[in-house]
Amino acid sequence: MPSSTFLSISYSLLCEKSKDKMGYSSSSKFPLLMPLMVACLIMAASGSNFHNDFDITWGDGRGKIANNGEVLTLSLDKQSGSGFQSRNEYLFGKIDMQLKLVPGNSAGTVTAYYLSSKGSTWDEIDFEFLGNLSGDPYILHTNVFSQGKGNREQQFYLWFDPTTDFHTYSILWNPQRIIFSVDDTPIREFKNMESIGVPFPKNQPMRIYSSLWNADDWATRGGLVKTDWTQAPFTASYRNFNADACVWSNGASSCKSNAPSSSTSTNNAWFSQEMDSAKQQRLQWVQQNYMIYNYCTDAKRFPQGLPPECKMS
């Protein structure tokens, strides 16, 4: 499970935005788009096989691969949660996964989906989905660790209900930046700022991990709302994994010299990708309307001064 410094963030910070800004969108508002959306989902239905790409690593049968490898599910009950990890390690790439989160009263549960290396100075790139009471939105918690140091949390509400259908959660990781995206909408960018002394994950290969576990001591309203075990088992679902990435094996990268020779081609455009003006506008829209915590604005948490990356525009 990823290390979490969520305990240091008071629950009051989760309530900075009023709920009228983060209500879920109803698909009924977009009837003309529905046939296109359905068609896109059908076209995306083929792809990776979880049997080939992942191992279920814990949970005593609570993690399952079904539909000939097309779907993976993790479950949580009072006895245990469950988790899986990728067979491959990656050093840079664009990682996509579709998730459908625990529906109904998910308070106390955490669905973690992240990249991580090993060791005491590990690197890590986190999505964590913090459950909530029925009708209240999930909190999407993000963090970046480099050389064992995290404390870079940003949190968001989503502009849709993530429990009623699958949505794509993506990590673009190249030598210049990390971009977190939801359904191709960027929500966060963490740039390489080694020039001002900020460590950046670039030397340690990372595996993909995911787990569903009970964290009712902190996950929902700072631990005030506990897991309702009468609702168990809680289940999260995964499909359509895709890794356009440099695979690390036997001390070497599948990308020559850590830089794909065809990095300017369409297939490897991610290696030097940055956000165009349209993506930057979408990022600004998300951060203005759905961000509920940003470590770079938490002066009380950093009395000696905000981290250096926060001072860069």
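Everything numeric here is computed off the predicted structure, so don't read it as measured data. Quick note: residue numbers are just sequence positions, from 1.
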Self-check item: Ring centroid separation Tyr113 to Tyr238 under 6.0 Å
Solution: no

Self-check item: Near-ring test Tyr209/Tyr114, centroid separation under 6.0 angstrom
Solution: yes

Exercise: do [X] and [Y] side chains pair donor with acceptor under 3.5 Å:
X      : Y      : value
Asn294 : Gln154 : yes
Ser170 : Asp96  : yes
Asp161 : Thr163 : yes
Ser75  : Thr235 : yes

Between the main-chain N or O of [Y] and the side-chain N or O of [X], is there a donor-acceptor pair closer than 3.5 Å?
X      : Y      : result
Tyr138 : Val102 : yes
Arg152 : Val144 : yes
Ser86  : Ile208 : yes
Asp55  : Thr57  : no
Asp126 : Glu128 : no
Asp183 : Thr185 : no
Ser134 : Asn105 : yes
Asn88  : Val247 : no

Is there a side-chain contact between [X] and [Y], using heavy atoms and a 4.5 Å cut-off?
X      : Y      : result
Met291 : Arg188 : no
Trp159 : Trp285 : yes
Tyr169 : Pro162 : yes
Asn240 : Thr168 : no
Ile292 : Tyr157 : yes
Thr142 : Phe127 : yes
Thr297 : Leu306 : no
Trp173 : Leu91  : yes

Atom of [X], atom of [Y] and distance for their closest heavy-atom approach:
X      : Y      : result
Asn132 : Asp136 : CG-CB, 3.7 Å
Thr220 : Gly108 : OG1-N, 2.8 Å
Gln176 : Phe200 : C-CZ, 4.2 Å
Arg207 : Arg87  : NH1-O, 2.6 Å

Give, for atom [atom1] of [X] and atom [atom2] of [Y], the distance between the pair rounded to the nearest 0.5 Å.
X      : Y      : atom1 : atom2 : answer
His167 : Lys100 : NE2   : NZ    : 10.0 Å
Asn268 : Asn174 : CG    : CG    : 11.5 Å
Gln231 : Ser106 : CD    : OG    : 10.0 Å
Ser116 : Phe145 : OG    : CZ    : 8.5 Å

Quiz item: With a 4.0 Å cut-off, would you call Lys300 and Asp298 a salt bridge?
Solution: no

Quiz item: Taking everything shown except Asp184 itself, do over 12 heavy atoms lie less than 6.0 Å from its CG?
Solution: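 No, the 6.0 Å shell around CG holds no more than 12 heavy atoms from other groups.
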
Quiz item: CG of Asn68: more than 12 outside heavy atoms within 6.0 angstrom?
Solution: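 No, the 6.0 Å shell around CG holds no more than 12 heavy atoms from other groups.
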
Practice problem: Check each of Gln280, Arg177, Lys279 against Glu189 using the side chain to side chain donor-acceptor pair (under 3.5 Å) test, and report the only one that passes. | Solution: Arg177

Self-check item: Residue list, side-chain contact (heavy atoms from CB on, under 4.5 Å) with Gln204, at least two apart or on another chain
Solution: Ser117, Asp123

